[in-house]
Amino acid sequence: MNATTQMNDAILQVDHLSMKFGGLVAIGDLSFTARRGEITALIGPNGAGKTTVFNCITGFYKPSEGMITLNRADGSSYLLERLPNHEIPARAKVARTFQNIRLFSGMTLLENLLVAQHNKLMKASGYTILGLFGFSGYRKASAESVELAKHWLEKADLVDRADDPAGDLPYGAQRRLEIARAMCTGPELLCLDEPAAGLNPKESAALNELLMDIKHTTGTSILLIEHDMSVVMQISDHVVVLEYGRKISDGNPQSVRTDPRVIAAYLGVDDEEVETALTEVGDEDVIEQLDIGPDSAHGPGTSSSYLAGPVSDTVGHSEGERVTVSKGASKAAQIDARAATVASRPVAPAPAKPAPKKAAPRKTAAKTPAAKAEGVSNRLAAPRGGKADNLTRIKGIGTVNEKKLNEHGIFHFDQIGAWKKADVEAVEAYLAFDGRIAREEWVKQAKLLGQGKDTQFSRRVDAGKVATSHASGKAAGTGKPVQGKRGGGK
């Protein structure tokens, strides 16, 4: 096995994990892989079941169903659900920190790190009082433990406070000390439960630096739960997303960040409000993905091992808390259902195109390849003057939809501003929209922009705050700044 393979094989394999509290399902048919030498993040809204997964991995809970396999670097494998919880750190080499800091506050930083090495020191003492008599084996083990503790204090930037009580440290420093203490156990998998919780930006940066150092210099793999997306997106190699105990997305940070189901789950808004919310934050690329539906490769699959049925009424998660959930509460499920509906909906035939008058000057243009969208009355073969308007200045038209409109002969604000009901229906049938043009008032916006006025959204586009296919803040093709309302208003 070469070095690349060793770095990328699975250190943790979770297969069809389910955790039930009585009749309540906290985790349902969860499967994912954490690879050796990588940082894997487990994220999701509050109550998604993240800590319950950690409790199953580290032995605090025994799962109702499924397997959790830990593969060590020496080739040995352990089924964690079958190991007694105290053997998981000792034999499988899995270490963990908690949401709430659990240091020995009255002991010094150095003593906290020495306590973490008690197994090694007890073995060196022969599990008796031999250490009191100064046997060489114990003296050597004790000196090595002190050196290892100092090493991790340096890594955590805490060596100058080695003799201070742990309870005197600032909150962020206590977080790093807790991670350093876990590393003193020599883990192959380090499980961190919300390590950035409560940290300010400077402390989060110091935490990121420590975790990246652990990844690059020790070979320890990291599995973390985190709500701070600045931490997740900066340091993670792999992200798994949960909602109500089910996996809704699994991949690299970029793919997960743009997954419509993940966005819907985190926004926590009604399905019909998701696009509006995304438009407000200017994420036009994601809006386009919502239009065509999410990647079917993501999200939970079915499994014969999962017998509890769908999560619909109540959910239990970490520490046994029970949460009432209304039917259809899963935002990710709403996105999936919407995509299935759009895919199965027959496209309505476009209204018949009226026969052109013999003398109509647009007769030739109607035969051009650009004029393919049946039923749109005012298509053009090419933009007037060779310059198209920046249609992305209309709220709801992203770069992808602008390209589609251009391909079908729509280049200017006044064209959209002149659309009648039949035109709108034809465009919605082509773009697979359902009432969105009227809901987002494309025609009204286009009329204002065609008159040289601007809107609140167009000003955000002009300021470069929203993605656009045109030069930020400039009128297409002119090189001149976009003008505000007549009379110089902004």
Could you tell me whether a side-chain N or O of Arg96 sits under 3.5 Å from a main-chain N or O of Cys191, the two making a donor and an acceptor?
-> no
Could you go through the side-chain contact (heavy atoms from CB on, under 4.5 Å) check for Lys403 and Asn406 one step at a time?
-> CA-CA 5 Å; Lys403 182 179 179 181; Asn406 289 169; 5.7 Å; no
Passes side-chain contact (heavy atoms from CB on, under 4.5 Å), Phe32 versus Leu223? Steps please.
-> CA-CA 12 Å; Phe32 71 91; Leu223 177 65; 4.3 Å; yes
Starting at CE of Met67, measure out to CZ of Arg82 and round the result to the nearest 0.5 Å.
-> 7.5 Å
Please determine, by modelled atom types, if Ser18 and Asp29 share a side-chain donor-acceptor pair under 3.5 angstrom.
-> no
Could Glu440 and Lys395 be called an ion pair, given the rule that one side-chain N must be under 4.0 Å from one carboxylate O?
-> no
Keeping the roles fixed (side chain from Thr258, backbone from Gln254), state whether a donor-acceptor pair exists under 3.5 Å.
-> yes
Over 12 non-hydrogen atoms of neighbours within 6.0 angstrom of CE in Met229 | yes
Give the table of side-chain donor-acceptor pairs shorter than 3.5 Å for residues 197-207, with sequence neighbours excluded, one pair per line with atom names and distance.
from	atom 1	to	atom 2	distance (Å)
Asn200	OD1	Lys202	N	3.1
Asn200	OD1	Glu203	N	2.7
Glu203	OE1	Asn200	N	3.1
Glu203	OE2	Gly172	N	3.4
Ser204	OG	Asn200	O	3.3

Decide ring-ring contact (aromatic ring centres under 6.0 Å, His included) for Tyr61 and Phe54; before the verdict, give the C-alpha distance in whole Å, the side-chain angles of both, and the deciding distance to 0.1 Å.
-> CA-CA 9 Å; Tyr61 295 160; Phe54 261 38; over 10 Å; no
When you look at Thr58 and Asn85, which way does the side-chain contact (heavy atoms from CB on, under 4.5 Å) test go after all the steps?
-> CA-CA 7 Å; Thr58 55; Asn85 59 355; over 6 Å; no
Main-chain N/O of Ala73 paired with Glu188 side-chain donor or acceptor, under 3.5 Å | yes
Without swapping roles, check the side chain of Gln117 against the backbone of Leu113 for a donor-acceptor pair under 3.5 Å.
-> yes
Partners meeting salt bridge (Lys or Arg N to Asp or Glu O under 4.0 Å) with Glu87 (sequence neighbours left out) = Arg91
Hey, are Asn252 and Ser255 close enough side-chain-wise for a donor-acceptor pair under 3.5 Å?
-> yes
Which value, rounded to the nearest 0.5 Å, describes the distance between Ile394 atom CD1 and Leu405 atom CG?
-> 8.5 Å
Might you point out which heavy atoms bring Lys20 and Ser64 nearest each other, and give the distance in Å?
-> N-OG, 2.9 Å
Would you find a donor on one side and an acceptor on the other, under 3.5 Å apart, between the side chain of Ser77 and the backbone of Asn71?
-> no
For the residue pair Ile68 and Cys56, what are the closest heavy atoms and their distance?
-> CD1-O, 3.7 Å
The reported gap from CG in Leu153 to SG in Cys184 (rounded to nearest 0.5 angstrom) is 7.5 Å
Nearest heavy-atom approach of Ser249 to Asp259 is OG-OD2, 3.0 Å
Do Leu109 and Leu169 have side-chain heavy atoms sitting under 4.5 Å apart?
-> yes
Hey, does Glu226 have a side-chain heavy atom less than 4.5 Å from the side chain of Lys50?
-> no
List the atom pairs, donor and acceptor, that lie under 3.5 Å between side-chain atoms in residues 232-242 and the rest of the protein, sequence neighbours left out.
from	atom 1	to	atom 2	distance (Å)
Gln234	OE1	Asn208	ND2	3.0
Gln234	NE2	Ser230	O	3.2
Ser236	OG	Val232	O	2.8
Asp237	OD1	Lys215	NZ	3.0
Asp237	OD2	Ile39	N	2.8
Asp237	OD2	Lys215	NZ	3.0
His238	ND1	Thr33	O	3.2
His238	NE2	Asp250	OD1	2.4

Please tell me if the side chains of Val53 and Leu42 come closer than 4.5 Å, counting only heavy atoms from C-beta onward.
-> yes
Would you say Ile179 and Leu190 make side-chain contact, with heavy atoms under 4.5 Å?
-> yes
Is Arg257 close to Val262 at the side-chain level, that is, under 4.5 Å between some pair of heavy atoms?
-> no
Is there a donor-acceptor pair closer than 3.5 Å between any side-chain N or O of Thr97 and the backbone N or O of Glu178?
-> no
Got a sec, which pairs hit ring-ring contact (aromatic ring centres under 6.0 Å, His included) with one end in residues 78-112, sequence neighbours left out?
-> Phe60-Phe98
How many angstroms lie between atom OG1 of Thr218 and atom NZ of Lys155, to the nearest 0.5 angstrom?
-> 8.5 Å
So ring-ring contact (aromatic ring centres under 6.0 Å, His included) across residues 142-199, not counting sequence neighbours, yields none
Derivation of the side-chain contact (heavy atoms from CB on, under 4.5 Å) call for Glu402 and Asn390 | CA-CA 8 Å; Glu402 181 188 47; Asn390 182 357; 3.8 Å; yes
Can you tell me how far CG of Leu189 sits from OG of Ser221, rounded to the nearest 0.5 angstrom?
-> 6.5 Å
Nearest heavy atoms of Arg176 and Asp157, plus distance in Å | NH2-O, 4.2 Å
Side-chain donor or acceptor of Gln13 paired with backbone N/O of Thr69 under 3.5 Å | no
Any salt bridge (Lys or Arg N to Asp or Glu O under 4.0 Å) pairs touching residues 54-63, not counting sequence neighbours?
-> none
From Leu192 atom CG to Leu211 atom CG, the distance as rounded to the nearest 0.5 Å = 6.0 Å
For Thr220 and Pro187, the nearest pair of non-hydrogen atoms, with its separation, is OG1-O, 3.0 Å
Going by an N to O cut-off under 4.0 Å, is there a salt bridge joining Asp9 and Arg35?
-> no
Heavy-atom closest contact (Leu83 atom, Ala92 atom, distance) = CD1-CB, 4.3 Å
